[in-house]
Protein chains: 2
Amino acid sequence: MAQKNKLQFIILGLLNQHPLTGYDLTKAFDNEIGEFWQAQHSQIYPQLKRLEDQGYITHEVTISGAKLEKKLYHITATGAQLLHTWISDGTPDLTATKDEFILKLYFIRTSRDPRLVPMLHEQRRLHTDKLTHLQARLKTVFPTKASQAENYGHYLILQHAIGREAYYVNWLQQTLIAIPKAR
Amino acid sequence: MAQKNKLQFIILGLLNQHPLTGYDLTKAFDNEIGEFWQAQHSQIYPQLKRLEDQGYITHEVTISGAKLEKKLYHITATGAQLLHTWISDGTPDLTATKDEFILKLYFIRTSRDPRLVPMLHEQRRLHTDKLTHLQARLKTVFPTKASQAENYGHYLILQHAIGREAYYVNWLQQTLIAIPKAR
DNA sequence: TTCATCATGTAACACGTTACATGATTCG
DNA sequence: CGAATCATGTAACGTGTTACATGATGAA
């Protein structure tokens, strides 16, 4: 196999909560899931077909209005089993974060490079914005202790993402301070 | 375009430091660069051909031993210009980190899920190992102030990676502590 | 002389993005 | 009745991984 096809597990994980259509799944990737994983409908529809061929999901056709057909997908027992196995299995591969800014930084040889400070400023702005956005999301999605306990994993990863961005912003800040001033 | 072809810029960036063969480039991805970017020789050789067709690099053939041909690639002026432009241009896209563990965590619904604690322990071990490895690298690659100043960008990103892993380990630790004990 | 490494390439396949394509429903 | 959204699909292309394929060199 080339990679690992994580998409199939995300779909199974979402269907394990509620039956959904391909369209609903696409929306999920635009919204909550989109914070940490992306997928387009052109990837989702074929994957649904494959999962169904393999017996991990089934669908029923419902009619909306006069004749618009919706395919509502359900997870099967074997699908739920596969999902459980995936989560239970070890996750030993720490994906290298392919951060384009970090890559560019690698090629900056000296602290006197005139491109350095503007680059750091841009990233500080972008990561500060992201941090603010994530903090707002935490407040709206998990306003109460009860809501946090109800979707504990989601709560944890939002917290984690906030901490990560806070670290990033702080590192940029410290790096900017540490750069020797041009004489 | 589908993505952005960052590989071409990495190759240009490396050739901007020294002329290298495809084999040397492959080694670079196994070693220093491998910490934050991967590429196999099957991707590198065709990319070298494309960059040469576009006039960004040239090569000279050298003979090693009796008849082994090595293609030593050099960056051209237009190649150096392209590299400079890429670095100078903004980097507004913050890549979502596709961390499989985080993804699995999303599907853990409650703090009582028996899979949760073992998962966190495994990740703590993995990220602690990575942190240790990175700290060792910092010491061997940048032992002196002078060495840090000489390859400032590389030094910064190693520092950054260490801080990131330290945050990750700390977060895992705090999360483990916060999980309510089973009664 | 054999094994690890040097050295370069292609093929097949998996994954991911953008674009193409079509049609129904709902709300103003 | 027009526009936004709902709803489902395919095609083309780019990127990335694994596997296939070949041969030379250097050191034990």
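Order of the sequence lines fixes the chain letters, A, B, ..., with proteins taken first and strands second; residue numbering starts at 1 for each chain.
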Point to revise | Exercise: do B/Glu35 and B/His154 side chains pair donor with acceptor under 3.5 Å | key: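 No pair is found: no donor N or O on one side chain lies under 3.5 Å from an acceptor on the other.
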Quick one: [X] [atom1] to [N] [atom2], roughly how many Å, whole number?
X       : N      : atom1 : atom2 : value
B/Asn31 : C/dT5  : CG    : C1'   : 14 Å
B/Tyr23 : D/dT22 : OH    : C1'   : 15 Å
B/Lys70 : C/dT8  : NZ    : C1'   : 13 Å
B/Lys67 : D/dT22 : NZ    : P     : 16 Å
B/Asp30 : D/dT17 : CG    : P     : 12 Å
A/Asn5  : D/dT18 : CG    : P     : 15 Å
B/Leu72 : C/dC6  : CG    : C1'   : 14 Å
B/Lys71 : C/dC6  : NZ    : C1'   : 15 Å

Check your understanding: According to the interplanar angle, ranging from 0 to 90°, do the rings of A/His41 and A/Tyr45 count as parallel (below 30°), tilted (30 to 60°) or perpendicular (above 60°)?
Key -> perpendicular
Check your understanding: Mind checking whether B/Tyr167 and A/Tyr167 have parallel, tilted or perpendicular rings, split at 30° and 60°?
Key ->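 Geometry flag for A/Tyr167 against B/Tyr167: parallel rings.
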**Study point:** Earlier contact from the 5' end, DNA chain C, for B/Ser64 and B/Lys98
**Key:** B/Ser64
Review point. Taking for each residue the nucleotide of DNA chain C bearing the nearest heavy atom, is the 5' side occupied by A/Ala66 or by B/Leu68?
Key: B/Leu68
Review point. Run the side-chain contact (heavy atoms from CB on, under 4.5 Å) check on B/Ile10 and A/Phe107 step by step: do they pass?
Key: CA-CA 9 Å; B/Ile10 305 174; A/Phe107 295 111; 4.1 Å; yes
Review point. In a check of side chain to side chain donor-acceptor pair (under 3.5 Å) between B/His59 and each of B/Lys71, B/Lys70, B/Glu52, B/His74, which one passes?
Key: B/Glu52
Check your understanding: Quick one: is C/dT5 close enough that its OP1 or OP2 comes under 4.0 Å of any side-chain N or O from B/Lys27?
Key -> no
Review point. Looking across every strand, which nucleic acid part, if any, lies under 4.0 Å from B/Lys6 by heavy atom: base, sugar-phosphate, or nothing?
Key: nothing
Review point. NE2 of A/His18: more than 12 outside heavy atoms within 6.0 angstrom?
Key: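 Atom NE2 in A/His18 is not packed in, count stays at 12 or less.
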**Study point:** For DNA chain D, the residues among residues 40-58 of chain B that have a non-hydrogen atom under 4.0 Å from it
**Key:**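 Correct list: B/Gln40, B/Ser42, B/Gln43.
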Revision key, fill the gap. For B/Leu156 and A/Trp171, the nearest pair of non-hydrogen atoms, with its separation, is O-CZ2, 3.5 Å
